[in-house]
S.K.: 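Once you've had a glance at the structure underneath, I'll fire off some questions.
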Amino acid sequence: MRIATWNVNSLNVRLEALLGWLERSPVGVVALQETKLTDDKFPALALRQAGYHVCYAGQKTYNGVALVSREEPREVLTALPGVDPEAKRFIAATVGGVRVVNVYVPNGQTVDSDKYREKLVWLDALESFLRQEMARHPRLVALGDFNIAPEDRDVHDPAAWAGSVLVSPPEREAFRRLLALPMVDCFRQVDGEGGRFSWWDYRAGSFRRNWGMRIDHLLASPEQAARLTGCHIDRAPRAWERPSDHTPVVAEFA
DNA sequence: ATGGTTGTACGACAA
């Protein structure tokens, strides 16, 4: 089964891109972040007509997550225990025997901000949740926009970014704690090269210059990681007209 | 590379 993650930065703007991408790249599940739609505006019909089930948790203007899947999602959960349930950043469901946990981790803004402290609290809550969830669901995938570049090779200019949000040591420690659960960083397992990014700023021609970061991840429990047969970043949609600033990351499991 | 853009929504904020 192919499992993918894509921060679409407004599903309203990106619906045609998503449908076009699904047509050329069919998946078992794609996890979406930043849908920026209330649930009454979610394009469930268009996605059902494309042959997918959907579950979603949205709000006005900000955040919003969804799972788009070939098989019906079961045991859907739309709140991460221990954090503000009003910010729609979390949705989990069981699809085809795999527990899929879709996260839009808070960006954190700057390392001296309240939002940064909230990000670290959010990551603590995620770690606790995943530890419990893995005990119940040996086949577990946690994926989404983590807003963390795990290592310097995941950053185009590590010196310029040193200590900043997305790369700061406490954030990277939180990410390593997720890996210590243990979970496998699927892309890193397959591709140890640096300079492979999933996000590029809209400004300054960043995509053209490959000034980006790898901040979108798929983490797999050991049992699920044993089935991993491939993982790649699909850069194509980032070059399409009116793109998201993120591009899809796709893992393949036997 | 600390915003040169984009999205939401119509000014300002988030990313």
Side-chain angles (χ1 to χ4, degrees), chain A residues 5-19 21 31-43 56-66 83-84 86-90 102-123 143-172 174-175 194-217 235-249:
Chain A
T5 181
W6 193 5
N7 179 326
V8 292
N9 187 19
S10 170
L11 185 53
N12 192 36
V13 174
R14 234 64 71 191
L15 179 59
E16 290 310 310
L18 174 62
L19 293 170
W21 184 74
L32 306 178
Q33 303 87 36
E34 287 204 85
T35 56
K36 298 185 176 180
L37 290 169
T38 51
D39 290 348
D40 58 303
K41 299 221 168 56
F42 192 89
Y56 41 90
Q59 67 185 92
K60 192 172 157 67
T61 309
Y62 300 118
N63 307 320
V65 286
V83 300
D84 175 15
E86 296 306 310
K88 302 304 182 185
R89 296 177 172 276
F90 175 97
N102 176 17
V103 299
Y104 175 44
V105 176
N107 172 284
Q109 205 156 54
T110 58
V111 295
D112 58 358
S113 67
D114 286 341
K115 288 182 178 178
Y116 177 81
R117 289 181 279 279
E118 287 164 13
K119 178 181 192 173
L120 296 179
V121 169
W122 208 97
L123 288 162
L143 77 174
D145 178 358
F146 285 74
N147 269 313
I148 300 171
E151 301 177 89
D152 278 354
R153 58 184 149 163
D154 301 311
V155 182
H156 81 278
D157 187 348
W161 277 86
S164 301
V165 73
L166 310 189
V167 309
S168 73
E171 292 166 80
R172 285 178 165 178
F175 191 82
R196 315 279 206 215
F197 306 136
S198 65
W199 167 84
W200 300 262
D201 196 294
Y202 281 122
R203 295 161 292 193
S206 297
F207 180 62
R208 178 174 51 79
R209 297 160 142 152
N210 199 31
W211 286 349
M213 292 203 201
R214 190 173 71 93
I215 58 176
D216 300 274
H217 307 294
R235 293 166 53 103
R238 187 61 178 79
W240 294 349
E241 199 165 333
R242 212 174 175 198
S244 170
D245 46 352
H246 298 250
T247 211
V249 185

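In what follows, chains carry the letters A, B, and so on, assigned in the order in which the sequence lines appear, proteins first and then strands, with residues in each chain numbered from 1.
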S.K.: Measuring only the P atom in each nucleotide, how far is dA9(B) from dA14(B)? A whole number of Å is fine.
M.R.: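 That atom pair is separated by 14 Å.
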S.K.: Kindly assign one of parallel, tilted or perpendicular to the pair His156(A) and Phe197(A), based on the angle between their ring planes and the thresholds 30° and 60°.
M.R.: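 The rings of His156(A) and Phe197(A) stand perpendicular, inter-plane angle above 60°.
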S.K.: Apply salt bridge (charged side-chain N to carboxylate O under 4.0 Å, His left out) to Asp154(A) and list each qualifying residue two or more places apart in sequence or on a separate chain.
M.R.: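 So Asp154(A) forms a salt bridge (charged side-chain N to carboxylate O under 4.0 Å, His left out) with Arg188(A), Arg214(A).
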S.K.: Indicate, with yes or no, if the rings of Trp6(A) and Trp21(A) have centres closer together than 6.0 Å.
M.R.: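 When the ring centroids of Trp6(A) and Trp21(A) are compared, they turn out to be within the sub-6.0 Å range.
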S.K.: Identify, with sequence neighbours excluded, every residue that meets side chain to side chain donor-acceptor pair (under 3.5 Å) alongside Arg196(A).
M.R.: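 For Arg196(A), the residues satisfying side chain to side chain donor-acceptor pair (under 3.5 Å) (neighbours in sequence not counted) are Asp191(A).
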S.K.: C1' atom, dA15(B) versus dG4(B): distance in rounded Å?
M.R.: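 That atom pair is separated by 15 Å.
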S.K.: Extract, from 5' to 3' on DNA chain B, the first and final nucleotides lying under 4.0 angstrom from some heavy atom of chain A.
M.R.: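 Footprint of chain A along DNA chain B, 5' to 3': dA1(B) to dA15(B).
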S.K.: Give me the atom names and distance for the closest heavy-atom approach of Ala149(A) to Ile215(A).
M.R.: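 Heavy atoms of Ala149(A) and Ile215(A) come nearest at N-CG2, 3.8 Å.
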S.K.: Let me spell it out: for each of Trp199(A) and Lys36(A), pick the nucleotide of DNA chain B with the closest heavy atom. Which residue's pick is nearer the 5' end?
M.R.: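 Per heavy-atom nearest nucleotide, the more 5' residue is Trp199(A).
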S.K.: For atom P, what is the distance between dA12(B) and dA1(B), given to the nearest Å?
M.R.: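 Comparing P positions in dA12(B) and dA1(B) gives a spacing of 29 Å.
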S.K.: Give Arg89(A) one of three labels, base, sugar-phosphate or nothing, depending on what nucleic acid heavy atoms sit under 4.0 Å from its own.
M.R.: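 The residue Arg89(A) makes sugar-phosphate contact but no base contact.
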S.K.: Using a heavy-atom cut-off of under 4.0 Å over every strand shown, decide if Asp245(A) touches base, sugar-phosphate, or nothing.
M.R.: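 Asp245(A): no heavy atom of the nucleic acid under 4.0 Å.
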S.K.: I'd like to know whether Arg89(A) forms a side-chain contact (heavy atoms from CB on, under 4.5 Å) with Gln33(A), so could you lay out the CA-CA distance, the side-chain angles of the two residues, the decisive distance to 0.1 Å, and finally the verdict.
M.R.: CA-CA 8 Å; Arg89(A) 296 177 172 276; Gln33(A) 303 87 36; over 6 Å; no
S.K.: For Leu37(A) and for Asn7(A), find the nucleotide of DNA chain B with the closest heavy atom, then tell me which residue's nucleotide is more 5'.
M.R.: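 The 5'-side residue here is Leu37(A).
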S.K.: For a side-chain contact (heavy atoms from CB on, under 4.5 Å) check, start with the C-alpha distance between Tyr116(A) and Glu171(A), then their side-chain angles and the critical distance, and finish with the verdict.
M.R.: CA-CA 9 Å; Tyr116(A) 177 81; Glu171(A) 292 166 80; 3.2 Å; yes
S.K.: Check DNA chain B against residues 153-161 of chain A and give the residues with a non-hydrogen atom under 4.0 Å, in numerical order.
M.R.: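 His156(A), Trp161(A), in order of number.
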S.K.: Please tabulate, for side-chain N and O atoms in residues 103-112 of chain A, each donor-acceptor pair with protein atoms closer than 3.5 Å (sequence neighbours left out).
M.R.:
from      : atom 1 : to        : atom 2 : distance (Å)
Tyr104(A) : OH     : Glu34(A)  : OE1    : 3.4
Tyr104(A) : OH     : Glu34(A)  : OE2    : 3.3
Asn107(A) : OD1    : Gln109(A) : N      : 2.8
Thr110(A) : OG1    : Asp112(A) : OD1    : 2.7

S.K.: Keeping Arg238(A) on the side-chain end and Phe207(A) on the backbone end, is there a donor-acceptor pair under 3.5 Å?
M.R.: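 No: the side chain of Arg238(A) does not pair with the backbone of Phe207(A).
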S.K.: Quick one: do the Ser10(A) and Asn12(A) side chains pair a donor with an acceptor below 3.5 Å?
M.R.: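 Per modelled atom types, Ser10(A) and Asn12(A) side chains form no pair under 3.5 Å.
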S.K.: Can you tell me, in whole Å, how much space there is between the C1' of dT6(B) and that of dG11(B)?
M.R.: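 16 Å, rounded to whole Å.
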S.K.: Which heavy atom of Asp216(A) sits nearest to which heavy atom of Ser198(A), and what is that distance?
M.R.: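 The answer is OD2-OG, 2.6 Å.
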S.K.: Taking only heavy atoms on the protein side, list every residue of residues 103-115 of chain A lying under 4.0 Å from any atom of DNA chain B, sorted numerically.
M.R.: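 Nucleic-acid contacts, sorted: Tyr104(A), Asn107(A), Gln109(A), Lys115(A).
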S.K.: Could you measure between the two P atoms, the one in dT2(B) and the one in dG7(B), and give it in whole Å?
M.R.: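 Looking at atom P only, dT2(B) and dG7(B) are 22 Å apart.
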S.K.: Mind checking if Arg209(A) touches a base, just sugar-phosphate, or nothing, with heavy atoms under 4.0 Å?
M.R.: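 Contact class for Arg209(A): base.
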